[in-house]
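First comes the structure, then the notes that go with it.
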Amino acid sequence: MPLEKPYLDIPGTVIFDAEQSRKGYWLNQFCASLMKPENRARFKADERAYLDEWPLSEAQKQAVLTRDLNECIRLGGNIYFLARIGATDGRSFQQMAASMTGMSEEAYRTMMLAGGRPVEGQRGRVDWPTGDAGTPTAVAGARMTASVYTSHVPAMGVAMDLGKTGEDYWRPLFAGYAFSRQWLAEHTPDVVVLVYNDHATAFGLDLIPTFALGTAAQFHVADEGWGPRPVPPVIGHPELAAHIAHSVIEQGFDLTLVNRMPVDHGLTVPLSMLCGERDPRHEAWPFRVIPLAVNVVQYPVPSGRRCFELGRAIRRAVESFDAPLDVQIWGTGGMSHQLQGPRAGLINRAWDNAWLDQLIEDPRACAAIPHIDYVREAGSEGIELVMWLIARGAMADCAEPPGPKPRVLHRFYHVPASNTAVGHLILEETAP
Ligand code: DHB
Ligand code: FE
């Protein structure tokens with residue numbers, strides 16, 4: 001059963017949700033451009049020509065040209081963005097609102113002076129059942145089938161991109177992923193929820209979302225300064241992503257939603273490690289990807305417990321999606337490493353392996369480990385490991401009521417890759 005949208009039947013009202021936002025992305029971007037005087041001048045000089053610079057549908061362009069705000073809204077426009085058109089025309093919010101009601105400006109003004117539009121008869125269907133956002137239903141829906149964990153060291157991607165994986169330095173590391181590539185080729189999911197961290201690529205210091213879910217149809221490969229990696233673009237799953245957003249936010253996690261986001265090594269290196277080399281000119285990644293970016297760059301970063309609980313919420317969301325999708329969740333980053341200062345190069349094999357044992361056997365206890373332990377024991381960048389707890393929390397044994405424990409299909413640990421200890425794990429769900 002899809003999540004309920006009790007707002008759909010309210011008369012004369014469109015709620016700007018993830019679907020509308022996706023539909024209206026460029027329409028709203030065009031509107032936002034009108035905040036600059038030079039763009040307003042160009043639009044006024046030749047509206048059609050200025051609109052033609054934007055990838056809008058013809059219907060969206062016509063709606064703007066005719067100032068049909070209701071149609072603009074139906075086609076994904078949001079009133080705060082659309083107000084830039086009215087402002088450019090020198091119109092007030094009241095004039096814009098009146099234009100959408102079928103009333104004259106004068107009649108609308110008079111109605112407002114008389115106390116406004118009465119709510120009677122305007123509530124829509126009020127007996128809509130209240131939805132429990134995440135409850136799985138009996139319908140054969142999406143299933144969470146496995147979780148995969150891996151480090152994302154950029155040098156591993158470079159080794160693949162430059163054909164160096166057979167060199168002595170890299171051979172033992174890539175040998176540790178041979179099983180995984182074979183397994184993934186035989187158990188290719190439809191969608192991977194890929195939990196990773198952005199490394200000052202999509203997000204700078206102006207805006208630091210703690211948890212940012214990618215709801216776009218496509219994510220391009222970032223240029224981190226060395227030029228973009230020669231790998232295919234990442235194809236999203238907007239419908240499932242919007243559903244996860246809806247469900248997880250209702251479950252109490254105030255996600256940031258991202259409609260445009262370049263993805264860096266944190267996301268592309270795990271894909272390469274598990275899928276092997278892919279020529280972007282005529283190959284695609286074998287599944288859709290929903291990126292979930294977690295802030296581990298600027299403190300405060302989310303706690304292990306919060307990450308674990310988010311994973312549990314994502315499982316509930318996925319399992320309530322009404323389409324027979326095979327979904328995996330990947331946790332990436334780690335293991336012990338420190339990239340900065342005189343303590344750079346710190347590796348703690350004993351701690352890493354004890355942490356992996358606990359992640360597998362007692363994820364709740366693992367989730368209780370405080371940040372300071374990661375920093376002290378696994379290095380400042382070892383904090384990336386909290387992201388693995390999101391994937392672990394999405395396994396059946398962490399659900400309510402708990403299902404069976406996952407099977408450890410593969411476990412690998414290697415030192416070093418560049419500055420980092422590399423960890424890799426595959427947990428597969430077992431039948432209840
Ligand atoms: C390295 C590891 C990382 O996780 C990263 O994001 C950047 C560099 C490294 O070991 O070189
Ligand atoms: Fe990293």
Side-chain angles (χ1 to χ4, degrees), residues 148-162 164-165 167 169-170 172-174 176-177 194-205 208-212 214 219 221-229 231 234 261-274 289 291-299 301-302 304 307 330-349 351-352 355-356 359 371 374-375 377-391 412-425:
V148 174
Y149 308 78
T150 177
S151 305
H152 63 215
V153 186
M156 303 193 302
V158 174
M160 290 181 64
D161 300 342
L162 300 182
K164 293 185 168 177
T165 57
E167 291 183 359
Y169 182 90
W170 292 111
L173 188 150
F174 282 92
Y177 286 78
L194 208 157
V195 184
Y196 76 109
N197 67 296
D198 177 77
H199 300 77
T201 304
F203 306 116
L205 295 181
I208 305 172
T210 300
F211 297 117
F219 303 90
V221 176
D223 181 344
E224 299 176 55
W226 297 281
R229 288 193 60 214
V231 295
V234 172
M261 176 166 73
V263 287
D264 73 10
H265 69 268
L267 187 135
T268 63
V269 169
L271 285 177
S272 295
M273 295 306 289
L274 272 292
V289 175
L292 174 60
V294 179
N295 167 44
V296 292
V297 171
Q298 182 182 313
Y299 279 64
V301 304
C307 288
W330 293 11
T332 63
M335 305 220 32
S336 61
H337 62 305
Q338 175 150 340
L339 301 176
Q340 51 145 335
R343 210 168 76 122
L346 185 119
I347 298 290
N348 189 340
R349 273 179 185 269
W351 191 91
D352 282 348
W355 188 89
L356 279 172
L359 180 78
H371 291 145
Y374 288 89
V375 179
E377 298 291 337
S380 48
E381 281 63 52
I383 192 63
E384 288 179 345
L385 282 173
V386 291
M387 295 185 290
W388 292 34
L389 286 159
I390 299 178
F412 175 68
Y413 184 80
H414 176 83
V415 178
S418 183
N419 309 286
T420 306
V422 169
H424 175 38
L425 187 66

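Keep in mind that the numbers below use all heavy atoms, side chains included, and drop hydrogens, waters and symmetry copies. Counting starts at 1 for both ligands and their atoms, following the listed order. Position 1 is the first residue of the sequence, and the numbers go up from there.
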Top protein contact for atom 9 (C) of ligand 1, by heavy-atom distance: Asn419 ND2, 3.2 Å
List the atom of Val422, the atom of Ser151, and the distance in Å for their closest heavy-atom pair. CA-OG, 3.3 Å
What count do you get for protein N, O or S atoms closer to the Fe ion (ligand 2) than 2.8 Å? 3
Heavy-atom contacts with His265 under 4.0 Å: which atoms of ligand 1 show up? List them by number with element. 5 (C), 6 (O), 7 (C)
Show the nearest heavy-atom pair for residues Met335 and Thr420, with the distance to one decimal. N-CG2, 4.1 Å
Yes or no: does Pro416 have any heavy atom under 4.0 Å from an atom of ligand 1? no
Quick test: of every protein heavy atom, which one is nearest to atom 11 (O) of ligand 1, and how far off is it to 0.1 Å? Ser418 OG, 2.6 Å
So, applying side chain to side chain contact (heavy atoms under 4.5 Å, CB included) with Met156, which one of Leu173, Asp161, Thr165 is it? Leu173
By number and element, which atoms of ligand 1 are closer than 4.0 Å to a non-hydrogen atom of Thr420? 1 (C), 2 (C), 9 (C), 10 (O)
Near Ala417, which atoms of ligand 1 are under 4.0 Å from a heavy atom of that residue? 10 (O)
Evaluate side chain to side chain donor-acceptor pair (under 3.5 Å) for Asp352 paired with Ser336, printing each intermediate quantity in order. CA-CA 7 Å; Asp352 282 348; Ser336 61; 2.8 Å; yes
On the 0 to 90° scale, with breaks at 30° and 60°, tag the Tyr177-Phe174 ring pair as parallel, tilted or perpendicular. tilted
Which atoms of ligand 1 have any heavy atom of His199 under 4.0 Å away? 6 (O)
Do Thr332 side-chain atoms and Val195 backbone N/O form a donor-acceptor pair below 3.5 Å? yes
State, to 0.1 Å, how close Pro302 and Phe211 come at their nearest heavy-atom pair, and which atoms those are. CB-CZ, 3.5 Å
Is it true that the side chains of His265 and Glu224 contain a donor and an acceptor less than 3.5 Å apart? yes
Side chain Glu381, main chain Leu339, donor-acceptor under 3.5 Å: yes
Ala155: heavy atom below 4.0 Å from ligand 1, yes or no? no
Shortest protein contact, atom 8 (C) of ligand 1 (heavy atom only): Pro154 CD, 3.4 Å
Where do Phe203 and Ala293 come nearest, in terms of heavy atoms and distance? CE1-CB, 4.2 Å
Are more than 12 heavy atoms from other residues, nucleotides or ligands located less than 6.0 Å from atom CG of Leu205? no
For ligand 1, which atoms, with element, lie under 4.0 Å from some heavy atom of Glu384? 4 (O), 6 (O)
Below 4.0 Å from any atom of ligand 1, is there a heavy atom belonging to His337? yes
Taking all atoms of both residues into account, what is the closest heavy-atom pair of Leu356 and Leu425, and its distance? CD2-CD2, 4.3 Å
Give the contacting part of Ser151 toward ligand 1: side chain, backbone, both or neither, where contact means a heavy-atom distance below 4.0 Å. neither
